[in-house]
Structure formats: C-alpha cells, structure tokens
4 protein chains.
Amino acid sequence: MFSRVKEITRIAREIIHSKGYQATSVNDIMAAANIGKGQFYHYFQSKHDLGLAVVEDLVKDWEEQLITSILNDSDDPVTKLNRMLIWVETIHAKMEIKYGCPIGNLAIEMSAQDDEFREKIEKFFNQWVNSVSVVLTEMIKNDQLDESIDPQKNAESIVAMIEGGILLSVSQQNIQILKDIFKVIKQQYHLN
Amino acid sequence: MFSRVKEITRIAREIIHSKGYQATSVNDIMAAANIGKGQFYHYFQSKHDLGLAVVEDLVKDWEEQLITSILNDSDDPVTKLNRMLIWVETIHAKMEIKYGCPIGNLAIEMSAQDDEFREKIEKFFNQWVNSVSVVLTEMIKNDQLDESIDPQKNAESIVAMIEGGILLSVSQQNIQILKDIFKVIKQQYHLN
Amino acid sequence: MFSRVKEITRIAREIIHSKGYQATSVNDIMAAANIGKGQFYHYFQSKHDLGLAVVEDLVKDWEEQLITSILNDSDDPVTKLNRMLIWVETIHAKMEIKYGCPIGNLAIEMSAQDDEFREKIEKFFNQWVNSVSVVLTEMIKNDQLDESIDPQKNAESIVAMIEGGILLSVSQQNIQILKDIFKVIKQQYHLN
Amino acid sequence: MFSRVKEITRIAREIIHSKGYQATSVNDIMAAANIGKGQFYHYFQSKHDLGLAVVEDLVKDWEEQLITSILNDSDDPVTKLNRMLIWVETIHAKMEIKYGCPIGNLAIEMSAQDDEFREKIEKFFNQWVNSVSVVLTEMIKNDQLDESIDPQKNAESIVAMIEGGILLSVSQQNIQILKDIFKVIKQQYHLN
DNA sequence: CATGAATGAGGTTTCATTCAT
DNA sequence: TATGAATGAAACCTCATTCAT
C-alpha cells in the first residue's frame with residue numbers, strides 16, 4: 001500500500017512531532033522504522049531532506065482534511081467553522097494535548113533557522129487563513145456576521161487563537177484552555 | 001553591575017531565544033560570554049540548570065514589565081490593555097519578529113520534555129491570563145464591556161491570540177499579521 | 001579470525017588489566033585498537049558495556065583453561081593441584097607479576113561500585129573454589145589427605161592464598177613471594 | 001586536637017577507601033571536609049601528595065594497632081596470632097566487608113602505577129610478614145609448632161590468606177568466607 | 001535495494017591545578 | 001590563612017554522513 005518512503009516519513013512524522021526536529025536523531029527514526037543506515041540514506045539524501053518530506057506529508061494531509069474536506073466544502077459556513085473546531089479538538093484530545101501542533105511546533109523551531117521549512121509552513125498557514133477568510137466572507141454575505149468585520153484579519157485571528165490556544169494548553173498539559181477558547185470563538189462569530 | 005552569573009544568563013537568554021534551548025550548545029554560550037568550559041560549570045551545575053535560570057530571569061523580567069507595571073497598574077483598563085499590546089509589539093518590532101516569543105518558544109520546545117521548564121512557563125502564562133482577566137472584569141464593571149463576556153475565557157483568548165499571532169508572524173517573518181490581529185483585539189474589546 | 005568486537009575486547013582486556021577499569025579511558029582503547037570514537041560506540045553501548053564484555057571474556061577463558069582443562073580433568077588430584085599452581089605461576093611470570101590478577105584486581109576495584117561486575121567475578125571465584133573443593137574431596141577419598149580437613153573451607157583458603165600471594169607479589173613487584181607461598185601450599189596439602 | 005591536615009587526611013582516607021584513589025576527586029574531599037579549593041592546595045601540594053599522606057596515616061595507624069600493640073607484644077604467640085585475626089575481623093565486620101582492605105586495595109590499584117605509593121605499602125606488608133614470622137619462630141621454640149615449618153614463608157602465607165580472604169569476601173559482599181579461612185588458619189597453626 | 005562498518009566533529013561534563021584578591 | 005574565579009585538557013558519549021560490500 002504505502003511505499004517505503006511514505007512509511008518512513010510517517011514514522012518520522014510521529015517522532016518529530018513528539019521530540020522536535022533537532023532532537024530527533026536519524027538513529028531514532030531508523031530504530032523505529034526498523035531499517036539500517038544504508039536504507040535511510042538510500043531513501044533520503046539527508047536528515048534535512050527527510051524533515052522537508054515530513055512537513056510536506058503533514059501539510060498535504062491537513063490540506064485534504066481541513067482545507068479541502070472541511071473549509072472548502074459546500075456546507076453552510078457556520079457548519080464549516082464548527083467542523084474545523086471539532087477537527088482540531090479531536091486531534092489534540094487523542095494525544096492528550098501533550099505534544100502540541102505538529103506544524104505550529106515546526107514553525108517555531110525552524111522558521112528562523114531554515115527557509116525551506118519556513119516556506120512550506122507559511123504556505124499552509126496562508127491557505128488556512130485564506131480559506132477561513134472565504135468562509136467569513138460567506139457568512140457576511142449570508143448576514144450571519146456583521147459586515148464591519150474584516151474577513152482576512154479575523155481569519156488570521158481565528159487561526160492565531162487556535163495555535164495560541166494549543167500552546168497554552170500544552171504549557172499546562174491540559175486541553176481545557178483550548179476548549180475555553182473555542183467557546184469564545186463560537187460566541188464571537190455566532191457559531192452556535 | 002551584573003554578577004557574572006547574571007551576565008552569563010543574559011547572554012544565554014539571547015542565544016536560546018534565537019536558536020532554541022536544545023540547539024544551543026554550552027560551547028555557544030562559552031564563546032559568546034568569553035569564558036572557558038570549567039568556568040561555565042563553576043557557575044552552573046549543568047546546561048539544564050542554566051536553562052532554568054534563563055526561564056526564571058525571563059519570567060521575572062516580564063512579570064515586572066508586563067504584569068506589575070502594566071496590567072496591575074492603576075490606569076484605566078482600556079489604557080492598560082492598549083499598553084500591553086504596545087509593549088508586545090515593541091518587543092517584536094525591535095527584533096523584526098524573527099525569533100518569536102522567548103517564552104512561547106520554550107513552552108512549545110520544552111513542555112512535553114521537561115516538567116521543570118513547563119511549570120515555570122505555565123506559572124507565567126497563568127499570571128498573564130489572570131491579570132488580563134482582572135482587567136476585563138474592571139471593564140465590565142465600568143460598562144466598557146458587555147457583561148455576557150466571560151473574563152477568564154476571554155483573557156485566555158486574548159493571550160492565545162497574541163501568542164498565536166506571534167507564531168504566524170514568525171512563520172512569515174513579517175510582523176504585519178500580528179498587527180492585524182491587534183486591530184481585531186481592539187475592535188472586539190472596544191479598545192479604541 | 002576474531003570478530004572486531006572480540007578483537008577490541010582483547011585489546012581492552014590488556015589495557016584494563018594494566019591500568020584498571022576506571023583509569024582506562026575509551027580513548028586509550030580507541031588508540032590501541034586503531035578505531036575512531038564512533039566505531040567504538042558502534043560495537044559497544046558504553047564503556048561499562050565493554051567492561052562487562054572484558055570480564056566475561058576473561059572468565060570464559062579461565063573457566064576453560066583452569067576449571068575445565070585442569071581441575072575438572074581426570075588426572076590424579078595431586079597432579080591437578082600442581083598443574084593449577086604451575087598455570088598460575090606461568091601467567092604471572094610471563095608478565096613479571098607487574099599487574100596482578102586481572103580478575104582479582106577487578107574484584108577489588110569494582111565489587112563495591114558495580115553489582116554487574118561483582119556478580120560475574122563472584123561466579124568465577126565460586127567455580128574455582130568449588131572445583132578445588134572437589135579435588136580435595138578426591139584426595140581425602142584416596143587417603144592423600146587427612147579426613148579432618150574441610151574441603152570447602154580449605155579450597156577457599158587455597159584460592160585466598162593464591163590471590164593474596166599475587167597481591168603481596170605485586171606490592172613488591174617480585175614474584176618470589178608467590179613462589180614461597182606455593183611451597184607452603186604444597187607442603188600443607190602434600191603435593192610433592 | 002587534630003591538626004587541619006590530619007583532619008583532611010582522615011576524611012580523604014575514608015573516601016579513598018570506599019571509592020579508590022583514582023575515582024576520588026579533589027572535589028569529593030573538599031566537599032566532605034567543607035573546605036575550598038585554596039584551602040586544599042594550601043595544605044597539600046597535589047592530589048598525589050594527599051594520596052601519599054593517606055597511605056602514611058593508614059600505615060602508621062596499623063603499625064601501632066597491629067604490629068606494635070599486637071604482634072610485637074609480650075603475649076604468648078598463640079594469643080598474639082588470635083588477637084591479630086580478631087583485629088582483622090573486627091575491622092571488616094564493622095563496615096560489612098563492603099570496601100575491602102584499605103591497604104590491599106591501594107596495593108592493587110597503585111603498585112604498578114606509582115612507585116611512591118608502592119614503596120610505602122610494600123614496607124607495611126614487609127613489617128607485617130616479618131612480625132608474624134617472629135611470632136611463628138617463637139611458637140617453634142615453644143614447641144607449639146613443628147620445626148619443619150619455615151617461619152618466613154608461612155608468615156607470607158598467613159598474610160596472603162588474610163588479604164586473599166578479604167578479596168574473596170568482598171567479591172561476595174559477605175564476610176563468611178573470611179571467617180572460614182580464619183578457621184583453617186587456626187587449625188593449620190594450632191591456634192585453638 | 002540493503003547492511004552495517006567507519007569517520008570525525010561536536011555534545012555535556014569533570015578534573016586537577018593556578019591565580020587574583 | 002582563606003576564597004572561589006579561571007583554565008584547559010580530557011572524560012564519556014551522540015551525531016549526521018559516507019563507504020565498502
């Protein structure tokens with residue numbers, strides 16, 4: 001089913017999510033994937049190469065799951081935003097918020113160190129913000145939201161609240177704060 | 001004058017801010033502080049020890065600058081929130097948003113790996129949230145804010161928006177997105 | 001041919017014998033074996049790991065040479081004890097008694113510090129004592145030794161005399177004292 | 001009462017006994033003696049210097065306690081050898097045989113590495129052997145021992161049995177084996 | 001495709017000793 | 001006498017990567 005490259009990328013994705021990119025060693029990945037040195041360097045040119053593959057894989061998945069399947073769907077905009085919040089909460093509830101947002105973490109760890117990582121991450125966040133912005137615009141058209149609201153800036157705020165909420169939840173190792181913030185989002189944007 | 005320990009802590013604070021804790025080597029600090037190996041371990045028991053000292057120093061400073069001097073001040077609540085936003089923006093404008101929030105970064109890098117780091121960081125965020133919560137309560141009392149607003153949850157949201165906004169700005173290496181978010185905060189909480 | 005692991009173990013065995021375990025650095029072994037840092041840690045998980053491998057190798061060799069080939073042989077018991085003394089003397093004469101007993105040294109250096117070392121060493125000495133005890137029992141059966149002799153306690157004494165004799169010889173850097181003690185053993189147990 | 005030098009020497013003596021000379025750091029001693037770097041190097045030229053002081057202190061004590069007060073005493077020779085065995089057993093029973101013979105340990109650790117240590121240790125063992133030899137000669141004169149016994153060689157054997165017995169007891173962390181050996185000594189030399 | 005031996009720079013830490021005060 | 005800052009070599013170990021088979 002999966003190619004070997006995909007398989008290794010997936011395994012690396014989990015480890016990098018839990019330990020960070022720099023703290024993850026090629027050995028960690030080899031051990032988890034049950035492959036030897038030669039194998040690894042056969043499939044990937046370098047650790048950096050693998051790191052980028054992980055980000056791409058992550059971004060591709062989330063584009064499908066979040067952008068395409070939820071935000072760009074033909075649902076009612078309110079439904080779409082609610083589905084987005086549920087999707088985020090489900091992900092983090094599953095792993096008990098312990099390790100935070102896989103992409104947000106890499107954004108912080110790598111943005112200042114490596115432009116290739118940064119650009120891929122930036123692209124994802126841009127898509128996310130833009131899709132939310134479109135949804136907000138729909139809401140305004142539908143009179144579900146006041147037209148004084150700037151869709152772009154408010155989309156940025158919503159994404160920021162989610163990422164910041166995850167950060168705060170991680171620092172408390174408790175998902176409650178993220179749930180609180182979702183309530184505020186729902187109130188502010190009339191999602192109930 | 002600074003003590004030598006304080007001096008090294010300050011130097012390490014900058015390096016850790018720009019590279020992260022794990023990617024910062026004791027050698028980096030030695031070189032920047034112009035001290036030898038032995039000297040470093042004369043002042044600090046371990047790199048971990050230094051890391052904690054850096055977090056403490058950071059937290060102490062920000063408690064003074066943000067919590068005590070701004071949020072717990074006797075100013076009008078609207079003024080206080082505005083001063084908070086200016087304070088945040090000034091910090092990040094100075095370093096061109098390149099490296100993100102020194103405490104938020106450590107929250108993400110260290111929370112899942114080390115409880116000692118996590119607790120110190122959690123404590124700071126709790127204070128920040130609580131102080132904002134008190135300010136929002138004042139605003140409600142003053143009829144500057146609708147009483148349907150839950151001060152605690154909205155305080156969490158505001159801090160999350162700031163931290164998330166910094167994250168997004170870092171991923172774009174551009175402070176504009178943080179400024180956009182500040183505009184939304186001002187609109188939502190009537191700070192103009 | 002030796003495997004590389006075996007080869008390094010042998011080299012380390014000599015160095016550890018002459019300097020002791022703690023005073024032997026991984027660098028010493030690397031230099032003697034002509035390998036790099038990484039290579040050493042490719043073959044051994046840690047210096048401790050290598051130390052245990054050295055003890056095992058040593059014990060295995062001596063079990064074969066002393067326990068199996070000499071003491072558990074089908075010779076006359078007197079012949080076996082004499083062969084044992086010759087075997088011990090030969091080993092120490094070869095290296096001019098300079099460094100003492102490789103196992104006795106580690107017993108003293110490591111027993112109180114590390115249970116893994118201690119247990120392997122204890123097991124060897126137990127086997128040695130037990131084999132000598134069996135030989136003494138044979139002698140009693142053959143009327144070569146008075147039946148008032150307790151085989152176990154006298155076996156312990158004989159091994160103690162040998163190890164203690166090596167210790168005294170080392171402290172004088174002169175094998176004569178060990179030879180003197182062997183004469184006493186021969187007289188006490190009628191080995192002439 | 002004690003001079004400072006003596007006090008530090010005593011503290012170091014205990015630590016070196018339990019960890020060995022090489023594994024004992026100057027810091028360990030400073031910490032245990034509650035003194036600073038400067039203090040230490042005021043009283044001792046180097047760690048080596050302290051090590052020699054420890055051996056001297058040890059040897060001086062044991063010369064008094066064992067050689068002078070017991071073996072060179074005017075008691076009956078049988079009594080003197082019995083008192084010697086009791087003295088040895090008492091010392092090791094007190095510390096549950098854990099760390100072995102302070103002098104025997106140093107003999108093994110240092111003899112091949114450092115002639116200054118070696119000579120001091122050799123001198124002590126020589127005195128011990130010679131004193132026992134004199135006692136055995138007395139016994140022969142008193143017809144308490146057969147005149148075919150060579151006093152010098154048998155004295156060496158007795159000391160070897162004691163040191164070797166301690167070694168075996170340490171490797172089992174159990175003093176029983178030393179007690180067994182004492183029974184054999186008593187039987188062989190008619191000390192009951 | 002695959003193995004794992006080899007490399008060497010660099011990681012954190014400890015050490016004995018010296019020096020300025 | 002006494003303090004503790006400073007030094008730098010060397011300790012154990014990990015790492016990403018390359019190479020021979």
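Chain naming here is simple, since letters A, B, ... match the order of the sequence lines and numbering starts at 1 in each.
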pair K37(B)-M30(B): side-chain heavy atoms closer than 4.5 Å: yes

Could you state the atom-to-atom distance from CD1 of I29(A) to C1' of dC15(F) in whole Å? 12 Å

Quick one: side chains of residues 39-46 of chain A, donor-acceptor pairs under 3.5 Å with protein atoms, not counting sequence neighbours, listed by atom name and distance.
from   : atom 1 : to     : atom 2 : distance (Å)
S46(A) : OG     : H48(A) : N      : 3.4
S46(A) : OG     : D49(A) : N      : 3.1

Side-chain heavy atoms of D61(B) within contact of R13(B), under 4.5 Å: yes

Quick one: does E109(C)'s side chain get under 4.5 Å of E109(D)'s, heavy atoms only? no

S46(A) side chain N/O closer than 4.0 Å to the phosphate oxygens (OP1, OP2) of dA16(F)? no

Side chains of K120(C) and E56(C): closer than 4.5 Å at any heavy-atom pair? yes

Taking atom C1' of dA11(F) as reference, at what distance in whole Å does atom NZ of K47(C) sit? 8 Å

Under 4.0 Å between a Lys/Arg side-chain N and an Asp/Glu carboxylate O for D57(B) and K60(B)? no

With respect to the phosphate group of dA11(F), does any side-chain polar atom (N or O) of N27(C) fall under 4.0 Å of OP1 or OP2? yes

Collect all protein-nucleotide pairs involving nucleotides 19-21 of chain F in which both atoms are nitrogen or oxygen and the distance is under 3.5 Å.
none

Side-chain heavy-atom pair M95(A), H17(A) within 4.5 angstrom cut-off: yes

If you find the nucleotide of DNA chain E closest to H48(D) and the one closest to Y21(B), which residue's nucleotide is nearer the 5' end? Y21(B)

NZ/NE/NH1/NH2 to OD/OE distance under 4.0 Å, R4(B) and E7(B): yes

Validation row: I108(B), V170(A) side chains within 4.5 angstrom (heavy atoms): no

Can you measure I8(D) atom CD1 to dT1(F) atom C1' for me and round it to whole angstrom units? 12 Å

Between Q39(B) and dT7(F), does any side-chain N or O lie under 4.0 Å from OP1 or OP2? no

Nucleotide dT14(F), atom C1' - distance to NZ of K19(A) in whole Å: 11 Å

Let me know, please, whether M30(B) or V26(D) comes out on the 5' side of the other along DNA chain E by nearest nucleotide. M30(B)

Pairing string, 5' to 3', for DNA chain E - Watson-Crick or wobble contacts under 3.5 Å, brackets [ ] where pairs cross, | to another strand: .||||||||||||||||||||

Is S25(D) near enough to dT14(E) that one of its side-chain N or O atoms lies under 4.0 angstrom from OP1 or OP2? no

Using a strict 4.0 Å threshold on nitrogen-to-oxygen distance, state whether D28(A) and K47(A) make a salt bridge. no

If I take atom CD in residue Q22(A) and atom P in nucleotide dA16(F), what distance separates them, rounded to the nearest angstrom? 10 Å

Look at the side-chain N and O atoms of R4(B) and state whether any lies under 4.0 Å from the OP1 or OP2 oxygen of dA6(F). yes

Of N34(B) and T24(C), whose closest DNA chain F nucleotide lies nearer the 5' terminus? N34(B)

Whole-Å gap separating P (dG4(E)) and CD1 (I35(C)): 18 Å

What is the nucleic acid contact for Y43(B), judged by heavy atoms within less than 4.0 Å: base, sugar-phosphate only, or nothing? sugar-phosphate

Starting at atom CZ of F40(D), determine the distance to atom P of dT1(F), rounded to an integer number of angstrom. 17 Å

Could you state the atom-to-atom distance from CG of D49(B) to P of dT14(E) in whole Å? 11 Å

